[in-house]
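Here is the structure we will look at, set down as structure tokens.
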Amino acid sequence: MLVFPNAKLNLGLYVTGQRPDGFRNLESVFVPLPWCDALEVLPAPNGTETTLALTGISIPGDPATNLCRRAYELLRVDFNLPPVQLHLHKVVPIGAGLGGGSADAAFALKALNDLFQLGLPIEKLQAYARQLGSDCAFFVANEPVFAYEKGDVFEEISLNLTGTACKVVYPGLHISTAEAYARVSAASPRHDLRQALRQPLETWRNTVSNDFEDALTPIYPVLGEIKQQLYAAGAAYASLSGSGSAVYGLFPGRELPPKLELPAQYLVWDGRL
């Protein structure tokens, strides 16, 4: 079974409070981004153990703790799954605020559910996904949502950006989630995010913001430089995604985003949402 875990974008992100469990409460809107990894899941030959092969972008850490492997182990406990062969080809950059690792985990759960005909509904898959990461559950239904609490509780939102031209720029800068949150202080949202996103996209520049962007840009000026390049190229809205360091621009009315003069080591995704 071959699946293609996609990334996500954050439209606005407000850190609103500290939780007793050590996490922060937040508000954001998640939308799917069709920048994808590839994940293959196959039954392992008889007498062999579960394996995970990693190709593409190098993934730091012990492969035994990779989220795809953890997703398998989570279901194996409850359903006595046989061994499998996992192969993850990593394309979405790591430490970019695009949720790539979380997507891999959620798609692994969905693939295993289909491969072994477990019959798990969306709600049950989301419950498993929440055990793997705060935004993993989003990728189960994989539709735009207003996310709150840890980013793992969702409300439907009427928002359709399908077909909107988008450019995502990753400057090769890995910003860990721990570092990003250490630089942000919780506060009440500056605007009602759901109300702001109901307005024309051209107004979002003044009403939809990301708390991490304000905190990280003084430390990493390249984030602000990329954002200004996107606006100069005609973006109606540009922002840091998640806790960074990918910066994206939305270009409604265009077939494809304009080209930018960027360093060769940057990773760039161009396409339509």
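Numbers here simply count residues along the sequence, with the first being 1.
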Item to complete: Verify side chain to side chain contact (heavy atoms under 4.5 Å, CB included) between Leu216 and Arg183, making sure each step is shown before the conclusion.
Response: CA-CA 7 Å; Leu216 293 170; Arg183 297 187 184 278; 3.8 Å; yes
- Query: Which is it for Thr50 and Tyr72 under the side chain to side chain donor-acceptor pair (under 3.5 Å) test, yes or no, and what are the steps along the way?
  - Reply: CA-CA 9 Å; Thr50 291; Tyr72 164 78; 3.2 Å; yes
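Looking at every heavy atom in both residues, Ala165 comes nearest to Arg254 through CB-O, 3.5 Å. Closest heavy-atom contact between Arg69 and Pro63: CB-O, 4.1 Å. Of all non-hydrogen atoms in Leu267 and Ile57, the two that sit nearest each other are CD1-CD1, 4.3 Å.
Pairs engaging residues 201-231 under the ring pair (Phe, Tyr, Trp, His ring centres under 6.0 Å) rule: Tyr181-Phe212, Trp204-Tyr237 [sequence neighbours left out].
In this structure, the side chain of Ser28 engages the main chain of Gly12 through a donor-acceptor pair within 3.5 Å. In terms of modelled atom types and a separation under 3.5 Å, the side chain of Thr164 and the main chain of Leu161 share a donor-acceptor contact. Looking at Glu213, its side chain does come within 3.5 Å of a backbone N or O of Leu240 through a donor-acceptor pair. Asn10 places a side-chain N or O within 3.5 Å of a backbone atom of Gly242 that can act as its donor or acceptor partner. The closest donor-acceptor contact from the side chain of His191 to the backbone of Thr207 lies under 3.5 Å. Side chain of Asp62 to backbone of Thr65: no donor-acceptor contact under 3.5 angstrom is found.
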Pairs under 3.5 angstrom only: tabulate donor-acceptor contacts from the side chains of residues 105-114 to other protein residues two or more places apart or in another chain.
{"residue": "Lys110", "atom": "NZ", "partner": "Phe139", "partner atom": "O", "Å": "2.9"}
{"residue": "Lys110", "atom": "NZ", "partner": "Val140", "partner atom": "O", "Å": "3.2"}
{"residue": "Asn113", "atom": "OD1", "partner": "Gly119", "partner atom": "N", "Å": "3.3"}
{"residue": "Asn113", "atom": "OD1", "partner": "Leu120", "partner atom": "N", "Å": "2.9"}
{"residue": "Asn113", "atom": "ND2", "partner": "Leu120", "partner atom": "O", "Å": "3.2"}

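In this structure, Asp78 places its CG atom where more than 12 heavy-atom neighbours from other residues, nucleotides or ligands lie under 6.0 Å away. The local environment of CD in Glu155 is crowded, with over 12 non-hydrogen atoms from other residues, nucleotides or ligands closer than 6.0 Å. Residue Gln117 qualifies as open at atom CD: its count of foreign heavy atoms under 6.0 Å is 12 or below.
Donor-acceptor pairing under 3.5 Å is recorded for the side chains of Ser102 and Asp135. Defined by atom type and a distance below 3.5 Å, a donor-acceptor pair is present between the side-chain atoms of His89 and Thr55.
Considering CG of Asn142 and CG of Asn6, their distance stands at 4.0 Å, rounded to 0.5 Å.
Linking ILVMFWY side-chain heavy atoms closer than 4.5 Å, directly or via other members, places Phe154 and Ile122 in a single hydrophobic cluster.
Note: Tyr128 and Phe79 have tilted aromatic rings, judged against thresholds of 30 and 60 degrees for the angle between ring planes.
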